There are 2 protein chains.
Amino acid sequence: MATSFAEENYLKIIYRLSESTLEDISTNAVAELTQTKAASVTDMLRKLAEKGWVNYQKYQGVRLTEEGEKIALSVVRKHRLWEVFLVEKMGFNWDEVHEIAEQLEHIESEALINKLDEFLDFPKTDPHGDPIPNKEGILPELSYVLLSDLKENKACVLMGVAKDSAIFLQLLTRLNLSLGAKLMVKEINPFDRSVSVSINDSEPVFISHEVAKNILIKLG
Amino acid sequence: MATSFAEENYLKIIYRLSESTLEDISTNAVAELTQTKAASVTDMLRKLAEKGWVNYQKYQGVRLTEEGEKIALSVVRKHRLWEVFLVEKMGFNWDEVHEIAEQLEHIESEALINKLDEFLDFPKTDPHGDPIPNKEGILPELSYVLLSDLKENKACVLMGVAKDSAIFLQLLTRLNLSLGAKLMVKEINPFDRSVSVSINDSEPVFISHEVAKNILIKLG
DNA sequence: ATAAATTTTTAGCCTCGACTAAAAAATATT
DNA sequence: AATATTTTTTAGTCGAGGCTAAAAATTTAT
Ligand SMILES: [Mn+2]
Ligand SMILES: [Mn+2]
Ligand SMILES: [Mn+2]
Ligand SMILES: [Mn+2]
């Protein structure tokens with residue numbers, strides 16, 4: 001069955017909300033992310049349920065069905081592969097690609113996306129460290145830790161961000177923090193939990209707790 | 001002003017129809033190419049005129065304004081650049097790319113399309129030999145001739161096709177006719193005007209007049 | 001010059017995906 | 001347990017972009 005842009009956006013957003021909770025997703029939560037009103041969401045949830053892509057009972061919240069999740073994962077796959085393309089091949093910065101990928105994720109061609117995957121050498125993660133589902137919809141396992149949870153004097157590598165707003169990404173860039181950067185927490189300030197971090201063996205710089213808790217790293 | 005997919009498709013189709021005539025474009029002609037009904041076209045023409053993209057007086061047909069042509073050219077530019085990308089970088093055949101480009105032509109990012117242009121080395125023509133407008137909207141001058149208009153024993157090169165339906169392109173492929181092929185007309189049969197053509201110095205094969213008149217070549 | 005045929009427009013209707021305002025249900029507070 | 005607050009749904013509306021059927025204008029044929 002064909003899916004409209006609107007339907008794909010709803011499914012993707014329900015998927016994203018489901019990642020961080022086991023409970024059913026509320027109408028309001030969906031409304032906030034889709035930038036629409038609750039009444040519009042109720043309408044669409046009925047339609048998605050009708051098509052068998054979500055389980056929805058009024059007042060009870062919503063969950064993706066297996067088929068709904070499959071569609072959501074294919075949209076996520078396309079979004080993230082196009083982001084890799086935009087950064088790796090088109091020379092965009094990681095803070096510039098999300099809006100364009102929001103459009104490209106709706107291009108409908110299985111053949112194209114699989115060729116793109118191959119062209120990009122089957123990347124496991126997008127420019128923000130988010131995992132890319134393979135063509136079967138399987139996500140690679142990534143076990144990243146928040147920089148804010150790290151002990152002092154442990155070497156680690158920046159693998160991703162927990163938030164990909166342009167403003168946050170631009171801040172990281174200004175701090176010389178990009179994917180693959182070698183980090184070491186030199187000191188955790190107990191007052192505001194800010195951390196002083198050495199980036200690629202340079203002089204340590206200060207990073208707020210707010211920033212540190214949105215940076216994903218792997219040890220070693 | 002933002003343009004919807006529907007508006008872009010109408011402008012592009014009016015542009016295409018204007019290429020082959022100096023007269024105003026009729027409602028029915030537009031309806032046929034947009035795959036809609038004449039009544040729907042009338043509606044849209046009023047809206048496009050409202051926005052200043054076409055000159056339209058009822059019963060008089062339609063023409064693009066300068067601004068309308070600018071938009072149409074930018075859609076054509078995107079369509080053709082994406083087609084080059086699909087063939088050159090993604091490995092599609094020339095008969096497979098049009099449908100996908102119909103979607104990609106609506107992606108809205110000036111920055112992306114200019115980076116894509118550079119990535120592809122500023123191609124002058126798409127995989128069907130159609131000229132690609134540059135970022136100022138200027139079309140390169142191409143002076144191609146129809147294979148059906150060629151005299152016998154003249155060497156030439158296949159530069160494009162006058163029709164890009166998948167079925168026609170697949171036929172050419174089966175005949176070993178692709179962009180850049182070196183051709184020489186060995187004989188023109190006066191009965192049905194079919195031509196016997198040597199392709200890349202091979203044994204001549206027979207090509208119907210119908211095919212020959214949709215092949216664009218340049219001499220030498 | 002009329003009449004016939006064709007083209008185009010108008011009028012009214014439909015679906016999709018939004019909206020607002022009001023009603024109803026669920027949840028929190030006293 | 002009763003009431004207040006918040007969340008969600010219903011009801012009605014709107015614009016975009018389609019449609020059909022009928023009317024009007026234009027073009028062609030007689
Ligand atoms: Mn993104
Ligand atoms: Mn991303
Ligand atoms: Mn095309
Ligand atoms: Mn083409």
Side-chain angles (χ1 to χ4, degrees), chain A residues 1-15 17-18 20-21 23-64 68 71-72 75 102-103 105-106 108, chain B residues 1-15 17-18 21-64 68 71-72 75 102-103 105-106 108:
Chain A
M1 197 182 294
T3 49
S4 69
F5 284 25
E7 288 166 343
E8 291 189 350
N9 284 332
Y10 274 94
L11 292 173
K12 185 184 63 168
I13 274 160
I14 297 166
Y15 173 81
L17 289 166
S18 305
S20 48
T21 174
E23 302 185 19
D24 290 5
I25 307 306
S26 75
T27 300
N28 265 353
V30 175
E32 193 170 343
L33 288 201
T34 48
Q35 314 247 60
T36 61
K37 296 305 161 81
S40 310
V41 173
T42 300
D43 249 26
M44 182 57 94
L45 294 185
R46 267 198 304 96
K47 291 179 198 165
L48 295 177
E50 190 64 40
K51 300 199 176 193
W53 297 334
V54 300
N55 289 122
Y56 166 66
Q57 313 248 83
K58 56 162 118 162
Y59 296 105
Q60 299 304 119
V62 69
R63 309 187 65 82
L64 294 176
I71 297 169
V75 176
E102 284 294 308
Q103 299 178 61
E105 72 189 5
H106 302 295
E108 192 182 311
Chain B
M1 195 182 296
T3 49
S4 68
F5 283 27
E7 288 165 344
E8 291 189 349
N9 284 333
Y10 274 95
L11 293 173
K12 186 184 60 167
I13 274 161
I14 297 166
Y15 172 80
L17 289 166
S18 304
T21 175
L22 291 168
E23 303 186 18
D24 290 5
I25 306 307
S26 76
T27 301
N28 265 354
V30 175
E32 193 170 344
L33 288 201
T34 49
Q35 314 245 61
T36 62
K37 297 304 162 84
S40 310
V41 173
T42 300
D43 249 26
M44 181 58 94
L45 294 185
R46 268 199 304 97
K47 292 178 197 166
L48 295 177
E50 191 64 41
K51 299 200 177 193
W53 297 333
V54 299
N55 289 123
Y56 167 66
Q57 315 247 83
K58 55 163 120 162
Y59 296 104
Q60 299 305 120
V62 69
R63 309 188 64 83
L64 294 176
I71 297 169
V75 177
E102 283 293 307
Q103 300 178 61
E105 73 189 5
H106 303 294
E108 192 183 311

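Chain naming here is simple, since letters A, B, ... match the order of the sequence lines and numbering starts at 1 in each. Computed from a prediction, not measured in an experiment: that's the story for all the values here.
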Here the gap from A:Phe5 atom CZ to A:Gln103 atom CD, rounded to the nearest 0.5 Å, amounts to 8.5 Å
Comparing nearest nucleotides in DNA chain C, the 5'-proximal residue of the pair A:Gln60, A:Lys51 is A:Lys51
With the side chain defined as heavy atoms from C-beta on, B:Tyr59 is closest, among D:dA24, C:dA26, C:dT20, to D:dA24
Rounded to the nearest 0.5 angstrom, the CD-CD distance for A:Glu8 and A:Glu108 is 7.5 Å
Among the nucleotides C:dT9, D:dG17, C:dA18, whichever has the atom closest to the side chain of B:Lys47 is D:dG17
B:Arg46 CZ to D:dG17 P, in whole Å, measures 12 Å
- Query: Closer than 4.0 Å, any side-chain N/O of B:Lys58 to the OP1 or OP2 of C:dT10?
  - Reply: yes
- Message: Once you apply a heavy-atom cut-off of 4.0 Å, does A:Tyr56 come out as touching a base, just sugar-phosphate, or nothing?
- Response: sugar-phosphate
Under 4.0 Å from OP1 or OP2 of D:dG17: is there any side-chain N or O of B:Ser4 that close?
yes
Rounded to whole Å, CG of B:Asn9 lies from C1' of D:dG17 at a distance of 12 Å
To the nearest angstrom, the CG-P distance between B:Asp43 and D:dG15 comes to 14 Å
Nearest heavy-atom contact between B:Trp53 and B:Ala2 is CH2-O, 3.9 Å
Separation between OG1 (B:Thr42) and NZ (B:Lys58), nearest 0.5 Å, reads 10.0 Å
Separation of C:dT7 atom C1' from B:Asp24 atom CG, nearest Å, is 15 Å
Applying a 4.0 Å non-hydrogen cut-off, can you work out what A:Ala6 is touching in the nucleic acid: base, sugar-phosphate, or nothing? sugar-phosphate
From CD1 of B:Ile25 across to P of C:dT8 the rounded distance in Å is 11 Å
Closest non-hydrogen atoms of B:Ile25 and B:Thr21, given as atom of the first, atom of the second and distance, are CD1-CG2, 3.8 Å
Worksheet item: Would one find more than 12 heavy atoms of other residues, nucleotides or ligands at under 6.0 Å from atom CD of B:Glu102?
Response: yes
Just call it for B:Ser40: base, sugar-phosphate, or nothing, with non-hydrogen atoms closer than 4.0 Å on any strand. base
Among the nucleotides D:dC19, C:dT8, D:dG17, whichever has the atom closest to the side chain of B:Lys37 is D:dC19
Quiz item: Heavy atoms under 4.0 Å, any strand shown: does B:Thr27 hit a base, just sugar-phosphate, or nothing?
Solution: sugar-phosphate
Under 4.0 Å, counting only non-hydrogen atoms across every strand here, what does B:Phe5 touch: a base, just sugar-phosphate, or nothing? nothing
Is any side-chain nitrogen or oxygen of A:Asn28 closer than 4.0 Å to OP1 or OP2 of D:dT8?
yes
Of B:Ala38 and A:Thr36, the one whose nearest nucleotide on DNA chain C sits closer to the 5' end is B:Ala38
Separation of D:dT8 atom C1' from A:Met44 atom CE, nearest Å, is 17 Å
_Just to be sure I understand the rule, does A:Thr42 reach a base, reach only the sugar-phosphate, or reach nothing, if contact means heavy atoms closer than 4.0 Å?_
base
Rounded to whole Å, CD of A:Glu7 lies from P of C:dC16 at a distance of 9 Å
Between CG of B:Leu45 and P of C:dT10 the distance, given in whole Å, is 11 Å
